[in-house]
Amino acid sequence: MSNPVIRGVFSLAKTACEVMRRCRTLEPNIGNTGSTHKLPTGVFMSTQDKAKGFPLPSSVKVVPGTEAAQAAYPYHIQFAPEDDQKFWFYNSMHFPEPMHAFDMVTAEAAYCALGAANTRVHCLPTTLGIDHRIINGRVYIGGNGVTDPAEIERRTVEFQKRAFYYYENWETLYAQWKVKMLKLIDDARALPSPTLPEFEPLEHVHAGRGVASNHDLLVTYQKTLEGYFRMWHHHFEFLLLGYGAYLVFFGFCKKAFPEITDQTIARMVAGIEAEIFRPDEELRGLARRAVELNVDHHFKEGLSADAVLASLSEGGPAGKQWLDSLAKARDPWFNINVGDGFYHYHRGWNDDLSMPFAALPDYMQQVRDGKSLHRDIGKLQEERVQLIADYRELLNSDEERAAYDQMIGLAHRVFPYVEGHKFYCEHWYTNLFFNKIREYGALLSKAGFFPEEADVFNLTHYELESAIIDLMNAWSSGSPPRGPSYWPPIVAQRKAAVAQWAKHDSPPALGPIPDVIDDPAIVMLWGITRESLDNWLTSGDEKNSHEVRGFAASMGVVEGTARIVKSVDEISRLQRGDILVCQVTNPTWAPIFQRISAAVSDIGGSMSHAAIVAREYGLPAVVGTGNATSKIKDGQRIRVDGGRGVVTLL
């Protein structure tokens, strides 16, 4: 695709500057809101209704008894008085549970890379990076907008030179990206396990190595941390541009077809082939293979994965053949975790087979019932072709139709990356990262620093380095380390704090109220509009209402039993035909989608991961309700209308 074509696509939004006003960032980019600051385009602050609003950050108090645990988070992500002048909201899409001290590296590294991509690499004209803060274990975010016209113009020139090159060479650069990511994964796999021998190995001495084994502890840890920060830079190399191309098409459709819904536009890019769906496809293939080999009787509800494996290993040639198929599927496709890659305890399938194995009996029953289990991509692709053609006919000129073709073509080229990258970054690499930290936890636990290896995640990544150096020094000097007397009470205190924070709800937003939000990225990904903010503010005033409203994410009407799931640990409560009601879903929950009849989430817009997965699997869904998990009772009968975005309490 040539430069003139790319420029023509962007000219439909009048200028690249205007385009980026509409698609500033993937994170909500509601900027500074104090009287001395200009607002980013598309956000207007209300000066009325001062009696009802979100609390200021300074008014949110730390849960009593957890002050020391709060103070353990780095100083630069603690709320400060000046933060009262800015609008923040709780990023429950990525961080729905309180964060352990070490796990905050997932936010720190991610926002560091996202901001670099926005601010310095691609130079988005009207946005810089994302500020993040933490209170009571909850992560709040707020964006930094560019409002000075001269600066926007200066950045637009840079943006054109950078972004257009990527769009022109997308396939080549993306192939190069995969090589880089696989090299990074191989490097992480090759890192040695941290060990401290009693004496330096004789072969090291005779080889004149000149560096003792304790130094390797520090080198490996620093490489582990550096690799994780590097991964997030790879993560954002294409992501913002991928969404940007879609958002340009989205903006064009909204202008050309005023009555078109967000869901209809989203269906024009449905039926995607992306690596994030591959693990579930492999699982379905294993179910078919078990039925073909007549070994499906080994899989029984309630039987542990280890017990199933043991039974199959004694099941003769057929059992061995299935186990061989499992081994092929596991590397690499079981390098996916049960969450979204931001919590150490959201373990990978390869580390804990219980989640994928729990889905196998249902899949096998469907095979026995004659169902293919193939995700019907063809049907979705046929539908999108028809939608694209139908709306194309409504355009008034050949020029508009040519531009329309170019924009949807570009969206189809870039969109597989938007979901596919998650498998390599948030899942495969992140699993390797957390497992390496567990190895350090095991080493320090053995040395008496804390009782269990998982206790290491109650230290920040800065503190972990100091604990490693403590152990290095003790090994060198022959003296006992200080850690065993220092860390146990701190670890116990922080574990108790996380448990306390989980019992307390957090405000969905903080700071001055935006009067208007017209940024499509905020609306489509987080489901945050001025209307949804009003719903958050008034949710306690509508206790007698029998409806919960959100975004129409995926069409269909279903009645069933609501099952409230607030953490990954509660997924096993879902029964066949239940309606999943949660804060947010992610693509890795695909195996449970064959059990449920519909999905409802608190957070998310028409292009959130929950909405995308629901459409790909043909499941009715309503997202971005704001309060479904608090308003709907577990076990309650509800009706989900995914076409209207309405959940009715029956």
Side-chain angles (χ1 to χ4, degrees), residues 27-28 30 33 52-74 77-80 83-84 86-101 103-104 106-108 110-111 130-143 339-340 342-343 345-346 494-514 522 526-528 532-541 548 550 564-570 581-585 601-604 608 623-632:
E27 303 283 353
I30 301 175
T33 58
K52 182 181 287 289
F54 297 112
L56 296 177
S58 61
S59 71
V60 179
K61 304 304 180 185
V62 178
V63 173
T66 68
E67 292 84 358
Q70 172 67 36
Y73 295 117
I77 58 173
Q78 304 275 357
F79 274 117
D83 292 330
D84 281 356
K86 188 171 182 174
F87 179 78
W88 306 83
F89 76 84
Y90 173 31
N91 186 7
S92 60
M93 174 176 285
H94 294 122
F95 307 104
E97 303 166 53
M99 300 293 287
H100 287 71
D103 291 0
M104 273 306 294
T106 63
E108 184 177 351
Y111 292 131
I130 298 294
D131 289 330
H132 67 288
R133 303 287 186 267
I134 188 164
I135 182 77
N136 294 324
R138 310 289 183 171
V139 178
Y140 286 83
I141 56 178
D340 209 14
F342 297 96
Y343 294 88
Y345 50 85
H346 290 172
R494 292 181 186 175
K495 290 167 73 173
V498 170
Q500 280 297 314
W501 292 334
K503 298 175 183 177
H504 292 76
D505 292 330
S506 293
L510 300 171
I513 306 171
I522 300 172
W526 272 263
I528 294 178
S532 67
L533 293 181
D534 287 339
N535 288 337
W536 292 355
L537 288 170
T538 60
S539 59
D541 302 335
V548 175
I564 310 298
V565 174
K566 291 191 174 182
S567 71
V568 171
D569 294 336
E570 298 178 351
V581 181
C582 59
Q583 290 175 306
V584 65
T585 71
S601 71
D602 287 346
I603 197 75
S608 64
V623 301
T625 62
N627 62 353
T629 56
S630 59
K631 190 166 184 179
I632 299 172

Set of side chain to side chain donor-acceptor pair (under 3.5 Å) partners for [X], sequence neighbours left out:
X    : answer
Q70  : Q78
H346 : E97
E108 : H461, Y462
T629 : D602

From [X] [atom1] over to [Y] [atom2], what is the distance, rounded to the nearest 0.5 angstrom?
X    : Y    : atom1 : atom2 : answer
C582 : E570 : SG    : CD    : 11.0 Å
I632 : I564 : CD1   : CD1   : 5.5 Å
T106 : D340 : OG1   : CG    : 10.5 Å
I135 : W501 : CD1   : CH2   : 8.5 Å
N136 : K503 : CG    : NZ    : 13.5 Å
Q583 : S630 : CD    : OG    : 10.0 Å

(request) Give a yes or no on whether the ring-centroid distance for F79 and W88 is below 6.0 angstrom. (result) yes
(message) Would you say the ring centers of Y345 and H100 fall short of 6.0 Å from each other?
(response)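 Between H100 and Y345, which both carry aromatic rings, the centre distance is below 6.0 Å.
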If we ignore hydrogens and angles and just use 3.5 Å, is the side chain of [X] paired with the main-chain N or O of [Y] as donor and acceptor?
X    : Y    : result
Y140 : P57  : no
D83  : G511 : no
D131 : G143 : no
T625 : A628 : yes
Q500 : A496 : no

(request) List for me each residue that meets ring pair (Phe, Tyr, Trp, His ring centres under 6.0 Å) alongside Y73, sequence neighbours excluded, and say none if there are none. (result) none
(request) Can you sort out the partners of R138 under salt bridge (charged side-chain N to carboxylate O under 4.0 Å, His left out), two or more places apart, ordered by chain and number? (result)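 None.
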Might you point out which heavy atoms bring [X] and [Y] nearest each other, and give the distance in Å?
X    : Y    : result
A101 : R494 : CB-NH1, 4.3 Å
I603 : V623 : O-CB, 4.2 Å
M93  : P96  : O-CD, 4.4 Å

(request) Give the C-alpha distance, both sets of side-chain angles, the deciding distance and a yes or no for side-chain contact (heavy atoms from CB on, under 4.5 Å) between V565 and V581. (result) CA-CA 6 Å; V565 174; V581 181; over 6 Å; no
(request) Compare all side-chain heavy atoms of I134 with those of M104 and state whether any distance is below 4.5 angstrom. (result) yes
(request) Please tell me if the side chains of S59 and F54 come closer than 4.5 Å, counting only heavy atoms from C-beta onward. (result)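 SC-SC contact between S59 and F54 ruled out.
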(request) Take the angle between the ring planes of H94 and F342 and call it parallel below 30°, perpendicular above 60°, tilted in between. (result) tilted
(request) Could you tell me whether the side chains of N91 and Y111 share a donor-acceptor contact shorter than 3.5 Å? (result)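 Judged by distance alone, the side chains do pair up.
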